Number of protein chains: 2
Amino acid sequence: MSDQGSLRSTLHQRGMRMTPQRQLVLDAVRELGHATPEQVCRRVQGTASTVNITTIYRALDLLEELGLVRHTHLGHGAPTYSVEEHEHVHLACHRCGTIDEVSTELLDDLCRDLLARFGFALDATHLALSGTCRNCRNADAAEERR
Amino acid sequence: MSDQGSLRSTLHQRGMRMTPQRQLVLDAVRELGHATPEQVCRRVQGTASTVNITTIYRALDLLEELGLVRHTHLGHGAPTYSVEEHEHVHLACHRCGTIDEVSTELLDDLCRDLLARFGFALDATHLALSGTCRNCRNADAAEERR
DNA sequence: ATAATTGCAAACAATTTGCATTCAG
DNA sequence: CTGAATGCAAATTGTTTGCAATTAT
């Protein structure tokens, strides 16, 4: 599902079109992995230099509404967009800023729990968990010892 | 720990002071629960009308650095600040925007897992989990049936 | 005195809006 | 033709910076 054709028809049902701009934005997000609107814009402009950043924002919103892309607030600043496909969880260290990706399989139990207890269907794709990574914990421990 | 006095002395060790503005910001965050810098500002200005929003930002940064408050990106827009104290997890429905709070105890297993497998110490306070709440799932199911 | 803190204005970054133009059905 | 989509400029929102004036030690 959600291949080229079905996307076209989903849009068509809503009286919308799959324009070159929207396709380029989707491609850019696919290729870049995690990218801010700014970065997507630069990428798209590599191919079609006249595309305006406003269009990028509008396309990202639309694609997100259609469930094709997703945004996450990793650090501060601008959010990053990525395709819904590759499911993973971010481990963001708030000490050094490193971001690791691990499988969503980790969350399976939690998912089940939330559904059973609260009727809440967790969207496990692209979750960002913040904490302290091994390195920083070691560094802290060393600090402590002094 | 981290009562009035120890805060004062923590600051003092760093050659800083507990100013009225900072106290008001901390109080506001305490009272408001989850608030954007803007909201904190309005609250503080209710008591001390001349306090500038710049000061709010600076105080929030400082208080966060001291581990007294914490910010989370709930919806889009501005982040919300809240006191570190009451540990809980947010269940944010991306359909209707409702935000529920549940105990962090839910995450105990996940915490253990992350630490054992990745050496990652999850900060479970104030995690936001996005997904679909019971109501919206029911609504969707009803839609489906038609 | 001296160093921290504040308020203010201005800069800056990220995002949104209004509107005239273009484009596809 | 008509409505959807775009580009552009301007407006808005959220946040940061530089600096002079104020305040506590």
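Model, not experiment: these values are computed from the prediction. Proteins get letters first, then strands, A, B, ... in listed order; numbering begins at 1 in each.
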Start and end of the DNA chain D segment that chain A contacts, any atom under 4.0 Å from a heavy atom: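 In short, chain A contacts DNA chain D from D/dG3 to D/dA9.
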Please give, in whole Å, the distance from [N] [atom2] to [X] [atom1]?
{"X": "B/Tyr57", "N": "C/dT5", "atom1": "OH", "atom2": "C1'", "result": "19 Å"}
{"X": "A/His73", "N": "C/dA14", "atom1": "NE2", "atom2": "P", "result": "13 Å"}
{"X": "B/Leu11", "N": "C/dA4", "atom1": "CG", "atom2": "C1'", "result": "11 Å"}
{"X": "B/Leu62", "N": "C/dA4", "atom1": "CG", "atom2": "P", "result": "13 Å"}
{"X": "A/Gln21", "N": "C/dT21", "atom1": "CD", "atom2": "P", "result": "19 Å"}

Contact under 4.0 Å: A/Arg17 side-chain N or O vs C/dG25 OP1/OP2: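 For C/dG25, neither OP1 nor OP2 has a side-chain N or O of A/Arg17 closer than 4.0 Å.
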Look at B/Thr19 and C/dT6 and indicate whether a side-chain polar atom (N or O) is within less than 4.0 Å of OP1 or OP2.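 True: B/Thr19 side-chain N/O within range (under 4.0 Å) of C/dT6 OP1/OP2.
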Heavy atoms from C-beta onward define the side chain here; which of C/dT5, C/dT16, C/dC19 lies closest to that of A/Arg58?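 That would be C/dC19.
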Got a second to check how far B/Arg8's CZ is from B/Gln23's CD, nearest 0.5 Å?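 The distance works out to 7.5 Å.
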Please compare B/Ala78 and B/His12 by the position of their nearest nucleotide in DNA chain D and report the one closer to 5'.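 So the residue in question is B/Ala78.
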Categorize B/Pro20 for me: base, sugar-phosphate, or nothing, with a 4.0 angstrom heavy-atom threshold over every strand shown.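 Counting heavy atoms under 4.0 Å across all strands, no contact is made by B/Pro20.
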Tell me whether A/Arg22 contacts the main-chain N or O of A/Arg17 through its side chain, where contact means a donor paired with an acceptor under 3.5 Å.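 Answer holds: yes.
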For the backbone of A/Gln39 and the side chain of A/Thr36, can you confirm whether one donor and one acceptor N or O come within less than 3.5 Å of each other?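 Judged by distance alone, yes, a pair lies under 3.5 Å.
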Identify all side-chain donor-acceptor contacts of residues 56-68 of chain B below 3.5 Å with residues at least two apart in sequence or on another chain.
unit_1, atom_1, unit_2, atom_2, d
B/Glu64, OE1, B/His71, ND1, 3.2
B/Glu64, OE2, B/His71, N, 3.1
B/Glu64, OE2, B/His71, ND1, 2.8
B/Glu65, OE2, B/Arg14, NH1, 3.0

Could you list by number each residue of residues 43-54 of chain A showing a heavy-atom separation from DNA chain D of less than 4.0 Å, or answer none if no residue does?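 Close to the strand are A/Thr50, A/Val51, A/Asn52, A/Thr54.
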Quick check on DNA chain C: between B/Thr55 and B/Gly15, whose nearest nucleotide comes earlier from the 5' end?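 Nearer the 5' end of the strand: B/Gly15.
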